[in-house]
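Report on the following structure.
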Amino acid sequence: MRVIETTAELMAARDGIAGSVGFVPTMGALHEGHLSLIRRAKEENGFVIVSIFVNPTQFLEGEDLDKYPRKIEADMQICKRAGVDILFMPTPGIMYERDELAVMAPATMGYILEGNRRPGHFDGMLQVVMKLLNLANPTAAYFGKKDAQQLALIMQMARTYFLRCRIVPCEIVRDGSGLALSSRNVYLSPEEKQRALSLSRSLKRATKMVMTGERSSQKIEAVMREILENETDIEYVEIVDRAFRPLEEVEIGNTIILVAAWVGTTRLIDNLWI
Ligand code: PAF
């Protein structure tokens, strides 16, 4: 595995690769969720590039940029063992210049739900993903469905800017208890982890309701809120279509049920694609 820290080196290395390239951008603190993206990239491509970059522009003032988990040594081992060909680990100084031209999230999609709670987060996220996609110039790039709105916005950016790479949505990975894997789970105490399970439990209950014929978003949301409210501080429970428009009735094949909630000082999100 080659570790690269500069953009010039990455572009030169990329130019030397023939055949398909799979790319997995990450912020490090790698877990099974990231590994599933890397494995899929490896299955579908001759060559795999992974990036680790804790992108400062997608963190808001007062968010966890400074304490975001960093595990460089372990991450390098994980990538090596997974058969990653190139690991790109730039610094903010390498990725950004001062007063730069910006990619902006769309006015509606970028500022609802996650964007409403974290205004500007998606601008920074899209800015860095655009840079990383241009640098790695992949055939396909792999993103988890856990960050559903991020994924939808990246797909829209690829459409808007006529990017050539395929954006591949990948399934959410959960631990044995049902908790969706996230680098932020390390912030949870054992007791908080138990409470955090209410997110996946509420989604499981929603699945059951839909499977037994319930379609009313209002009714499903109410039951989910009941499950969540004793264990968490709910930020939102929303039922939307794949373009993130609110749905009054669940539409099979076109629905995402989203939840965001705080457990102690940790903000968690989870979702279900129906
Ligand atoms: O999902 C993430 O880890 C980040 O938002 C991404 C896509 C790597 C951009 O920094």
Side-chain angles (χ1 to χ4, degrees), residues 4 7 10 22-38 40-41 48-60 63-72 74-75 78-79 82 84 86-96 100 102-105 109-110 113-115 117-138 140-158 161 163 165-173 180-187 258 260 266-271:
I4 292 181
T7 55
L10 178 61
F23 177 49
V24 182
T26 80
M27 298 206 298
L30 303 180
H31 50 63
E32 270 300 318
H34 298 110
L35 257 177
S36 74
L37 306 180
I38 295 171
R40 175 119 183 237
V48 172
I49 304 176
V50 170
S51 65
I52 295 180
F53 178 60
V54 182
N55 172 38
T57 65
Q58 70 188 75
F59 287 79
L60 270 63
E63 285 190 345
D64 57 348
L65 173 62
D66 294 333
K67 72 166 188 146
Y68 194 82
R70 288 166 172 85
K71 300 181 177 168
I72 289 306
D75 287 349
I78 289 170
C79 287
V84 170
I86 291 178
L87 177 58
F88 179 51
M89 298 202 303
T91 58
I94 282 194
M95 290 299 282
Y96 287 101
E100 60 172 50
V103 178
M104 275 163 63
M109 252 291 266
L113 300 166
E114 286 302 290
R117 272 57 182 201
R118 307 179 70 193
H121 161 72
F122 285 130
D123 295 337
M125 181 281 292
L126 291 170
Q127 182 87 354
V128 84
V129 171
M130 180 69 129
K131 285 169 183 274
L132 291 167
L133 289 177
N134 283 328
L135 288 167
N137 190 20
Y142 297 79
F143 296 89
K145 284 181 172 180
K146 176 158 173 292
D147 292 301
Q149 200 174 351
Q150 163 173 290
L151 172 61
L153 284 165
I154 291 169
M155 290 181 120
Q156 186 176 353
M157 179 170 78
Y161 289 103
L163 302 184
C165 82
R166 194 160 55 88
I167 305 296
V168 184
C170 299
E171 294 308 319
I172 296 176
V173 178
L181 297 191
S182 159
S183 302
R184 290 191 167 97
N185 290 352
V186 297
Y187 300 150
L258 301 153
T266 306
R267 185 176 186 278
L268 299 171
I269 58 171
D270 200 350
N271 65 68

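One-based numbering along the sequence shown. Just so you know, ligand 1 is whichever comes first in the structure, and atom 1 is the first atom listed for that ligand.
- Residue Thr26 touches ligand 1 through its backbone alone, judged by heavy-atom distances below 4.0 Å.
- Remark: His31 engages His34 in a ring pair (Phe, Tyr, Trp, His ring centres under 6.0 Å) (not counting sequence neighbours).
- Residues forming a ring pair (Phe, Tyr, Trp, His ring centres under 6.0 Å) with Phe53 (at least two apart in sequence, or on another chain): none.
- Ligand 1 has an N or O atom lying under 3.5 Å from an N or O atom of Gln58, backbone or side chain.
- Set against the non-hydrogen atoms of Val128, the atoms of ligand 1 under 4.0 Å away are 9 (C), 10 (O).
- Note on Asp64 versus Arg184: salt bridge recorded, some NZ/NE/NH1/NH2 to OD/OE distance being below 4.0 Å.
- Atom numbering of ligand 1 starts at 1 in the shown order; those under 4.0 Å from a heavy atom of Pro25 are 8 (C).
- Between the side chains of Asn134 and Tyr161, not a single donor N or O lies within less than 3.5 Å of an accepting N or O.
- With respect to atom 5 (O) of ligand 1, the closest heavy atom belonging to the protein is Gln150 OE1, 2.7 Å.
- In this structure, atom 3 (O) of ligand 1 lies nearest to the protein heavy atom Met27 CG, 3.7 Å.
- Salt bridge status for Glu114 with Arg267: present, with a side-chain N to carboxylate O gap under 4.0 Å.
- Atoms of ligand 1 found under 4.0 Å from any heavy atom of Met125 (numbered from 1 in listed order, with element): 5 (O).
- Ion pairing between Lys131 and Glu100 holds under the 4.0 Å rule for side-chain N and carboxylate O.
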